[in-house]
Amino acid sequence: MTTSGITDSVLIIKLGGAILTDKRSTCTLASPSNLDSIFHQMLSTYQQSSQKLILIHGVGSFGHPQAKEYSVKEGTSKNQSKDVRAGLCLTRAAVLQLHARVIKDLTDLGLPVVSVSPFDHVMTHGGIDASSSTSYEHLCRRTQALLDQGYVPVLHGDAILDDKQSCTILSGDVVMRELARSILRTSRCIFLTDVDGVFDKDPKSHKDAQLIQEVAITHEISQSDAINGVADVTGSMHGKMKWARQIVHDAPGKVDVVICRQGTEASRLAMSGAAIPTSAQLTIFR
Ligand code: IP8
């Protein structure tokens, strides 16, 4: 630990779109009390944890419906009648509306948050899967510089430019993976969401669903019953599991990845940076 009490280790938290917004209707926020509780939790994490903090947020109903309607993820690689540029503009307008709210509320609480725009720093080459980590170098350098100066960088899922298909969608989950690969001394990545973690079945429709508390990264889970029915162009829980595995696998140092429910004791424990007992009601990937 340094003399200021801040260690060099870094905690990256992603606030899921499902907790910040109401995904059942377009551009609708979660209730004021939920938002208040999420932002106060970020404040106490910042105040109590000895780790440096990076925040990423998903976009939920502020971006997924617009991106889906205009196939922004596929860009010009898909023959479509709709104007993909209009789709990118509408998607970004919605994303930035949510982002401005997140930044304002956290600033009002006294957190030294600074916005980092994926759109301005990332360009892909034929979609996310075809693009290498070099696409994210600028974004990661900018984030590291802010962190080094004592800020809390805040990033988000975004619509971005792609030099082969004109545009695509960059999920906050992928941003998490790239930051974990590149930001020095990242020790834990947390996905804060509206379920306790990964289940063997969809817990929203199956009462007997079992929480999987620990996942070794070689272990395959077949979650055939995905949480669907809402517009989510970046893969919902399937996507999270894929990126969680990749983070553990690709990070240069030892990184835990946790998926947990916002507002629970388990989420507080995860955010404190403390070791997580096997009994905790969350999913940890190691
Ligand atoms: O909510 C998606 O980001 P996510 C970004 O983190 C857009 O998956 C614009 C749909």
Side-chain angles (χ1 to χ4, degrees), residues 12-30 35 38 54-75 78 82 84-103 115-124 127-129 131 135-136 139 143 153-162 165-180 189-195 226-244 246-247 257 259 262:
I12 308 179
I13 300 177
K14 183 184 175 203
L15 309 172
I19 59 171
L20 291 173
T21 77
D22 183 342
K23 287 174 112 178
R24 292 165 304 182
S25 46
T26 304
C27 290
T28 308
L29 286 169
L35 290 179
I38 295 164
I54 299 174
L55 299 178
I56 303 168
H57 67 81
V59 304
S61 65
F62 290 77
H64 282 277
Q66 298 82 355
K68 190 174 183 190
E69 186 179 346
Y70 287 84
S71 302
V72 178
K73 183 177 175 190
E74 294 79 11
K78 182 174 167 185
K82 292 202 169 168
V84 80
R85 268 189 305 209
L88 178 125
C89 296
L90 288 167
T91 305
R92 287 218 84 228
V95 168
L96 293 179
Q97 199 187 332
L98 174 65
H99 186 61
R101 174 66 188 263
V102 172
I103 293 287
S115 165
V116 183
S117 159
F119 177 82
D120 291 329
H121 293 288
V122 182
M123 164 90 101
T124 47
I128 301 298
D129 291 341
S131 304
S135 301
Y136 305 92
L139 182 81
T143 305
V154 184
L155 301 93
H156 52 86
D158 210 349
I160 59 168
L161 296 185
D162 184 290
Q165 57 178 58
S166 130
C167 59
T168 195
I169 291 295
L170 174 63
S171 169
D173 300 351
V174 180
V175 173
M176 171 89 97
R177 196 260 319 251
E178 293 302 327
L179 292 177
C189 294
I190 301 175
F191 291 94
L192 268 190
T193 184
D194 62 345
V195 288
I227 299 160
N228 273 326
V230 288
D232 191 331
V233 294
T234 50
S236 209
M237 191 53 85
H238 281 294
K240 248 165 240 17
M241 285 160 52
K242 171 179 161 189
W243 300 117
Q246 283 205 7
I247 292 168
V257 181
I259 300 179
Q262 150 63 22

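Remember, it's 1-based here, ligands and their atoms both numbered in the order they're listed.
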Quiz item: Considering only heavy atoms from C-beta outward, does the side chain of Y70 approach that of T91 to under 4.5 Å?
Solution: no
Self-check item: L179 vs Y136 side-chain heavy atoms within contact, under 4.5 Å
Solution: no
Quiz item: When only distance counts, is S171 in polar contact with ligand 1, meaning an N/O pair under 3.5 Å?
Solution: yes
Practice problem: Taking the side chain as every heavy atom from C-beta outward, state whether F119 and L170 have any atom pair closer than 4.5 Å. | Solution: no
Practice problem: Go through ligand 1 atom by atom and flag the ones less than 4.0 Å from a non-hydrogen atom of K14. | Solution: 4 (P), 6 (O)
Quiz item: Checking side chain to side chain donor-acceptor pair (under 3.5 Å) against H57, which of H99, H156, K14 comes through?
Solution: H99
Exercise. Drop me the distance from S171's OG to I128's CD1, to the nearest 0.5 angstrom.
Key: 8.5 Å
Self-check item: Atoms of ligand 1 close to I169 [distance to a heavy atom under 4.0 angstrom, numbered from 1]
Solution: 5 (C), 7 (C), 9 (C), 10 (C)
Quiz item: Based purely on interatomic distance, does V95 place a nitrogen or oxygen under 3.5 Å from a nitrogen or oxygen of ligand 1?
Solution: no
Quiz prompt | Atoms in ligand 1 with a heavy atom of G157 nearer than 4.0 Å | solution = 3 (O), 5 (C)
Self-check item: D173 N/O to ligand 1 N/O under 3.5 Å
Solution: no
Self-check item: Among I247, I54, L155, the one residue meeting side chain to side chain contact (heavy atoms under 4.5 Å, CB included) with M176
Solution: I247
Quiz item: How does V59 reach ligand 1, if at all, at less than 4.0 Å between non-hydrogen atoms: by side chain, backbone, both, or neither?
Solution: both
Exercise. May I ask you to list the atoms of ligand 1 that are less than 4.0 angstrom from any heavy atom of T91?
Key: 9 (C)
Quiz item: Are side-chain heavy atoms of D173 and I56 found at a separation under 4.5 Å?
Solution: no
Exercise. State the atoms of ligand 1, each with its element, that fall below the 4.0 Å cut-off from a heavy-atom position in G172.
Key: 3 (O), 4 (P), 6 (O)
